[in-house]
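A quick write-up on the structure given underneath.
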Amino acid sequence: MWACAGLVAGCGGGAGDDDAPALREDPAVERGCRATPPAAGQVRAKYVECSEEIPRGRLASARLGDVILESSRARFVIRQLGEGHFLLGSGGGQPIDATLTGGEDVLKEIIPLFALNAGDYKELAITAAGGAGPAEVVVRGPMLRPPVLAATIGGRPIDGILEQHYILAPDASRLLVRTVIRAGSTGKVPSGAVADVVFLGGDARVFLPGSGFEHEGAGNGEYLASQGLGTSYAMVYQPAMQVGVRVLDTGGILGVLGPDARAGHPVERWLVVGDGSVAALTDQARELFGGPSGVLAGDLGAAAAGVPILISDVAMRPLTVARADASGSFRVSLPPGQVDVRIDSPERAPGQGVSATISAGSTTMVTPVLPPQGLLALTVHDDLGAPSPARLTLTGATRRTIYLGPSAPPHPLPLPPGAYHVAVSRGMEWSLAEADLTITAGQTTTQTLTLTRLLDTAGWVAADFHLHSEMSTDSTMPLPERIRSCAAEGLEYVVSTDHDFISSYDDLIDELGLPLRAASGEELSSVVWGHLNAWPMVAQPTRSGAGAVRWDGRSPGEVFDALREGDATRVVQVNHPRFGGGSLFDVIDFDPLTARARRDPGALGLPATTDLGDFDFDAVEVANGIGDEDFEEQLADWLALVRSGHPAAATGASDSHGPSALAGVPRTYVFVGVGNDTAPTTLDDRLIARAIKERRVMASGGAFVTFTVARPGGGVASIGDTVTDSDGEIEVAIQVQAPPYLALRAVRVIVGGSTTMVTLDQAERSVLRYAATLRLPVSGDSAVVVLAEPASDGDPVIGKRIPSLANPILIDADGDGLFAPR
């Protein structure tokens, strides 16, 4: 992760540029609540004074005191001075919301940069209140090297003043952003490239003219655009300097690189808002660029309402995407020349191209062929007859994953005609229901499938402690889709762990009516020494990253303390500890033989006295869905911690960033006791946290593994317990369950430094895959750990080969009340 914003101080005068005009507030700024937009021909800028002035949408983040610029057509919100909204370490004075009037915001934040410096804005003023003329907001402050860039590439901030002007004209749906560079303390005005870091919601799909939606991380185009469900955005640089912009997509972080700014040469660009279509943005870009243009229009009829129409040049380079309105009509402005026009929808068969010639100043009518589609009405219920959430895996010409909520009757799903294999699942505790069917053009195909509960997990809760959504810089998974995916995978307790941002799923879970409990957390994503999860956290809307903990300049030990903030119930987990540079154990050079860090803290920019062996965490992600190949190395690390007496629990988590990585694969089962697991929506965070700290958990890659150890005086010890046993032998009773679609090859039992392998019949498909009692030797204090080894990937329900691991039962062999292996 890398941030592109600076720390923000309180209001005050600018520094270093005696020629900078004072920022003066327009006395005509309106006061009070203005719940309705300005009339046609009018515009206003004012401070937000009531909730009715805040744009709609799940990503809308405006607060009272922020600044709104509003025309009859659009609303834009600038964050007040102080801390920013989305990116950790970002400051105020930057755009955070943008919508058409009555539309929904899907913008998170835009951070203007100059030569990789953000603004530490100390002044903000509404310099023009609007009316019949433009409204203007100006922010100004010294330059600051963004924290993550400072941590990764170093360097000092440029000595200069960064000034942003946000200007909205009457009836406009585009905000003019003007960057002015002023001299700093040396009196010299620096020069360098202007750029904008753009954070869009997951429903906004990035489009580059000439490249389309497939830009492979970087691309050149006239401007950046997007397509969304109801709102779309573009960043268009000023035509006078227009030589095209370069767009960099670094792990989902969009950087739009513009021209140089220098003394007397401000850089201008527009933040354009559209109705969700690309064409609404390209039309405005054509208007800004000027030059000859013509109109392409068509009427496809009401059956085509909402279909996307892809328009490409003669070399089949995408120019824009129109969207048919409710009547099936579309209209788009294009430069003169020949174009290819076709319907491009995943819900229909591939479109057939129609050629058209655009002439300057005239309208060309075209009627592309509307490809056929059919409907699938799928009903999914459980073995008690109740509607069930589920994941639908469709295999036809392509493979698609669709998350279904518990709905009755079902919502028909539009699909291209053809033969399909349908697989419906609800995670590894449930059966797989399959069918082959044919979708016929113009018809509705009905199908009912039943899911049966297979695994007995009474007393245990299925959890995923590592999930990402659109509130992570590197994920485009919309929040509703993320939550549906969790319910569809049979999860009961989940944690939101977006990168350096504290998200909440609560309202959406209630709205969607899903059997799920969510805790708010964060993935603290240090680019210096690795990633940590912490939960439950409390979002703080006035803070950048919603109050996520700052990691820059801090050691891991200092961050452990900051994550807990005195709350001993909070869980801190080390994520993917052997995943390279973003992993704690790799960076500190953790030695599994000694359970110590071998790295020199000075190499990480930390004081020489820093203790990198401060391991004050509660859990280690031994099984990670993205880093599944690191399992054995992470297992060895964790066993070293166990032998050293560290109480960290071994957990499993998906680290899912989108549909390609399934939620709950792997997952953690948490023992809360029989009766406490029957109502997921009422699960107690403290009960879950206590079980993790007591290691009453198991990490599952598809199997459900439990075991007990017989106590010498009678009774049994369960996972997380300690047994006093000094006769040199222990009795271990093991039970392994697995769904029929997952083959297992072995059970591995680790007692201290010894391993016993039990080979399983890979053709066996019964749910109770293994149940036996083993008498095993034990020498000295030892930890007993049991694993189930997969022989298949359990596709399509699981899709990975990850062992399942039950946390230890400790053996105090000498009866001294201490666990101290030799």
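Between the side chain of S431 and the backbone N or O of T452, at least one donor-acceptor pair lies under 3.5 Å. Judged purely by atom type and a 3.5 angstrom limit, Q634 uses its side chain to pair as donor or acceptor with the backbone of V622. Put simply, the side chain of R769 gets close to the backbone of P739: a donor and an acceptor are under 3.5 Å apart. Between the R484 side chain and the L404 main chain, no donor and acceptor come within less than 3.5 Å of each other. Within the 3.5 Å criterion, the main-chain N or O of V106 finds a donor-acceptor partner in the side chain of Y233. With hydrogens and angles disregarded, no donor-acceptor distance shorter than 3.5 Å links the side chain of T393 to the backbone of P796. S226 contributes no side-chain N or O that, together with a main-chain N or O of A204, makes up a donor-acceptor pair within less than 3.5 Å. Panel note: side chain R323, backbone G276; a donor-acceptor pair is recorded below 3.5 Å. The backbone N or O of I802 sits nowhere less than 3.5 Å from a side-chain atom of D628 that would complete a donor-acceptor pair. Distance alone, capped at 3.5 Å, is enough to place a donor-acceptor pair between the T651 side chain and the V620 backbone.
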Take V197 and L254 through the side-chain contact (heavy atoms from CB on, under 4.5 Å) test and state the conclusion after the steps.
CA-CA 6 Å; V197 180; L254 294 173; over 6 Å; no
Checking V273 against L281 for the side-chain contact (heavy atoms from CB on, under 4.5 Å) test, could you report, in this order, the C-alpha distance in whole Å, the side-chain angles of both residues, the deciding distance, and whether it holds?
CA-CA 7 Å; V273 184; L281 308 169; 5.8 Å; no
Worked verdict on V321 versus D344 for side-chain contact (heavy atoms from CB on, under 4.5 Å)
CA-CA 9 Å; V321 183; D344 184 28; over 6 Å; no
Would L451 and V424 count as a side-chain contact (heavy atoms from CB on, under 4.5 Å) if you check the C-alpha gap in whole Å, the side-chain angles of each, and the deciding distance to 0.1 Å?
CA-CA 8 Å; L451 296 175; V424 170; 4.0 Å; yes
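Counting heavy atoms from C-beta on, the side chains of L375 and Q443 never come closer than 4.5 Å. Side-chain contact between L479 and M471 is present, with heavy atoms from C-beta onward closer than 4.5 Å. With a 4.5 Å cut-off on side-chain heavy atoms, L467 and R482 count as touching. When side chains are defined from C-beta on, P803 counts as touching E789, because their heavy atoms get closer than 4.5 Å. Taking 4.5 Å as the limit, every side-chain heavy atom of V247 sits out of range of all side-chain heavy atoms of V198. A heavy-atom distance below 4.5 Å is not found between the side chains of F501 and L88. P480 is listed as a side-chain neighbour of R58, based on a closest heavy-atom distance under 4.5 Å. For the pair D500 and L524, the minimum side-chain heavy-atom distance is below 4.5 Å.
For F579, the ring-ring contact (aromatic ring centres under 6.0 Å, His included) partners two or more places apart in sequence, or in a different chain, are H576.
With values rounded to the nearest 0.5 angstrom, S544 atom OG is found 8.0 Å from E109 atom CD. For the atom pair Y493 OH and D464 CG, the distance stands at 12.0 Å (nearest 0.5 Å). One finds the CE atom of M477 at 10.0 Å from the CD atom of E470 (value rounded to the nearest 0.5 Å). Here the CD-OG distance, from E523 to S496, works out to 11.5 Å after rounding to the nearest 0.5 Å. Taken from CG in L107 to CG in L59, the straight-line distance is 8.5 Å, to the nearest 0.5 Å. Remark: L508 CG to L516 CG distance equals 11.5 Å, nearest 0.5 Å.
Judged purely by distance below 3.5 Å, without hydrogens or angles, the side chains of T395 and R400 never pair a donor atom with an acceptor atom. T497 and E522 are not linked by any side-chain donor-acceptor pair at a separation below 3.5 angstrom, with hydrogens and angles left out of the test. Of the N and O atoms on the side chains of Q573 and D618, not one donor lies less than 3.5 Å from an acceptor on the other residue. With hydrogens and angles left out, the side-chain atoms of S469 and D498 include a donor and acceptor closer than 3.5 Å. Using modelled atom types, one finds no donor on one side chain facing an acceptor on the other under 3.5 Å when comparing H657 with S475. One side chain, H468 or D655, offers a donor N or O that lies under 3.5 Å from an acceptor on the other.
Residue pairs meeting the side chain to side chain donor-acceptor pair (under 3.5 Å) criterion with at least one partner in residues 421-430, sequence neighbours excluded, are S388-R426, H421-E434, H421-D436, E429-R453, E429-T457, E429-Y669. Among residue pairs with one or both ends in residues 439-465, those qualifying as ring pair (Phe, Tyr, Trp, His ring centres under 6.0 Å) are W460-F671, W460-F704, F465-W535; sequence neighbours excluded.
Between L415 and L394 the shortest heavy-atom distance is CD2-CD1, 3.7 Å. Smallest separation of non-hydrogen atoms from T445 and T438: OG1-O, 3.1 Å. Across all their heavy atoms, P372 and P417 have their closest contact at O-CD, 3.3 Å. Across L744 and A738, no two heavy atoms sit closer than the pair CD1-CB, 3.9 Å. In plain terms, the two heavy atoms of L300 and A304 that are nearest each other are CB-CB, 3.5 Å. The two residues P515 and P680 have their closest heavy-atom pair at O-CB, 3.8 Å.
The aromatic ring centres of H85 and F199 sit 6.0 Å or more apart. Checked against a 6.0 Å centroid threshold, the rings of H466 and H531 do not count as neighbours.
For the pair R56 and D97, the salt-bridge criterion is not met [side-chain N within less than 4.0 Å of a carboxylate O]. Remark: K800 does not engage D795 in a salt bridge, criterion side-chain N to carboxylate O under 4.0 Å. Under the 4.0 Å criterion applied to side-chain N and carboxylate O atoms, E492 and R667 are not assigned as salt-bridge partners.
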